[in-house]
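Chain A is the first sequence line, chain B the second, and so forth, proteins listed ahead of strands; every chain is numbered from 1. Here the structure is a predicted model, which is why all the values come from computation and not from measurement.
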Amino acid sequence: MSEAPSKHPDAATVIERIRALPLRPAKFMEVCGTHTVAIFRAGIRNTLLAERKIELVSGPGCPVCVTAAAEIDDVAQLALREPGRITITTYGDLLRSKGHDTSLADARAKGADVRVVLSPNENIALAQQHPEREIVFFGIGFETTQPGLAHTLLEAERRRLANFTAYVSHKLVAPVLEVLAKDPRLKLDGFVLPGHVSTIIGEEPYGFLARDHGLPGVIAGFEALDIIVALYYLLAMREKGEPHIVNAYKSVVLPEGNIRAREMIDQVFEPTDAHWRGIGAIPMSGHVLRERFAAFDTHLRFGLERVIEDESGFGECRCGEVLLGLIKPPECGLFGTRCTPEEPVGACMVSSEGACANYFRFGQRR
Amino acid sequence: MCLAIPGIIEELEGEWAKVRVGGVTVEANVALVPGAALGDYVLVHAGYAIQRLTQEDAEESLELLREFSEFQESLDEGK
């Protein structure tokens with residue numbers, strides 16, 4: 001791992017350094033949806049990036065966007081199976097995302113008991129307050145979110161909760177990065193790596209990008225300056241022909257990540273194949289509960305099959321290509337016309353981290 | 001959704017803390033940050049503190065959080 005200065009210089013100095021590098025077109029991917037927001041906020045897309053011929057494509061780092069449509073259908077159907085007994089809980093931005101058939105918001109409108117929680121831990125109190133109901137938590141999210149559910153399940157086990165299960169739909173970042181690094185259509189020159197996922201997993205899981213694929217990566221924060229600094233490192237490493245993984249967010253990302261959180265994840269979950277909406281099945285890119293926690297597994301409790309393969313087509317919606325960085329949102333025929341934040345067709349327009357929602361919000365039409 | 005928000009621990013009882021984020025106080029579990037103490041700045045995500053940080057870092061990321069929340073609200077209100 002390379003050393004990055006702990007204190008960043010000011011933006012003007014970094015931009016000067018970027019301008020001093022030879023002008024060669026570059027294509028980087030920001031993996032994290034929150035980075036997509038940060039890049040728009042920085043206001044550099046039509047200025048610095050255009051001037052230096054740097055293309056930044058959004059990646060699959062939006063948990064709502066990559067949740068398989070068949071899983072949303074599954075949970076919505078479960079909610080409607082016995083509305084008098086089953087309560088579904090989940091994070092708010094998943095409510096409006098549609099499966100093939102329906103969304104959780106639709107299920108709620110039809111009488112299902114669907115509730116929004118801000119933390120997985122809220123399920124504990126809910127299960128205790130409603131012993132007559134089955135509380136089912138639809139748990140999506142990347143590594144940042146996973147330790148919270150791990151802790152919640154350990155707590156549920158300790159309290160011997162009999163009416164709480166989790167429908168685990170976690171996604172792991174490293175396996176999808178490998179898919180992206182190998183995709184011959186993408187031709188990436190490097191990655192802006194997710195800051196808060198890295199808070200948990202640290203630097204090491206990204207090492208293969210530089211080692212096996214010759215691609216540099218920079219773990220970055222979410223301020224405009226963080227983004228500009230990350231771009232400078234990426235460009236500079238490419239010029240030198242020395243790809244590394246640089247941690248430019250040392251204030252919250254330790255090289256080893258959060259060891260306690262990683263231990264807890266490992267105690268409760270094991271990796272399994274998972275389906276990413278619009279992308280397909282990726283080996284060992286999701287989580288299943290370990291056998292010890294079988295009593296808290298929604299799939300086992302209600303006899304559901306795990307979704308590993310799902311049809312990838314969504315009519316004219318090109319979310320899948322957006323998530324892989326193959327097209328930018330405005331290249332989709334639905335963007336801004338039949339698909340808007342008010343009336344979203346695809347998941348990328350639903351979430352505030354979705355690439356389509358942000359291109360629309362910031363008026364980026366090309 | 002992977003955005004974690006910074007705040008300061010104002011109350012602490014066992015593994016539960018009251019964390020002030022900007023003007024509001026949220027409940028957060030600190031089991032993932034062993035040794036977390038009163039007055040520590042922590043990053044909070046989905047009801048859990050996931051890392052300690054300095055005051056300077058905490059203040060920097062609050063600005064982003066504000067704008068981000070407003071945006072999600074505007075999306076959710078859309079329908």
Side-chain (A/N258) to main-chain (B/L32) donor-acceptor, under 3.5 angstrom: yes

Polar contact flag, side-chain donor to acceptor under 3.5 angstrom, B/E15-A/H151: yes

Distance-only polar pair, side chains of B/Y48 and A/T144, donor-acceptor under 3.5 Å: no

Nearest heavy-atom neighbours spanning B/A46 and A/P120: O-CD, 3.5 Å

Engaged part of A/T340 at the chain B interface, taking heavy atoms whose separation is under 4.5 Å: neither

Approximate separation, where rounding is to 0.5 Å, of A/I200 CD1 and B/H45 NE2: 8.5 Å

Reported CD-to-CG distance for the pair B/Q51 and A/L254, which is rounded to 0.5 angstrom: 4.5 Å

Max heavy-atom pair count under 4.5 Å with chain B, selected residue of A/V117, A/T199, A/I259, A/L149: A/T199

Side chain proximity check, B/V33 to A/R260, heavy atoms < 4.5 angstrom: no

Among B/L53, B/V42, B/I50, the one residue meeting side chain to side chain contact (heavy atoms under 4.5 Å, CB included) with A/V252: B/L53

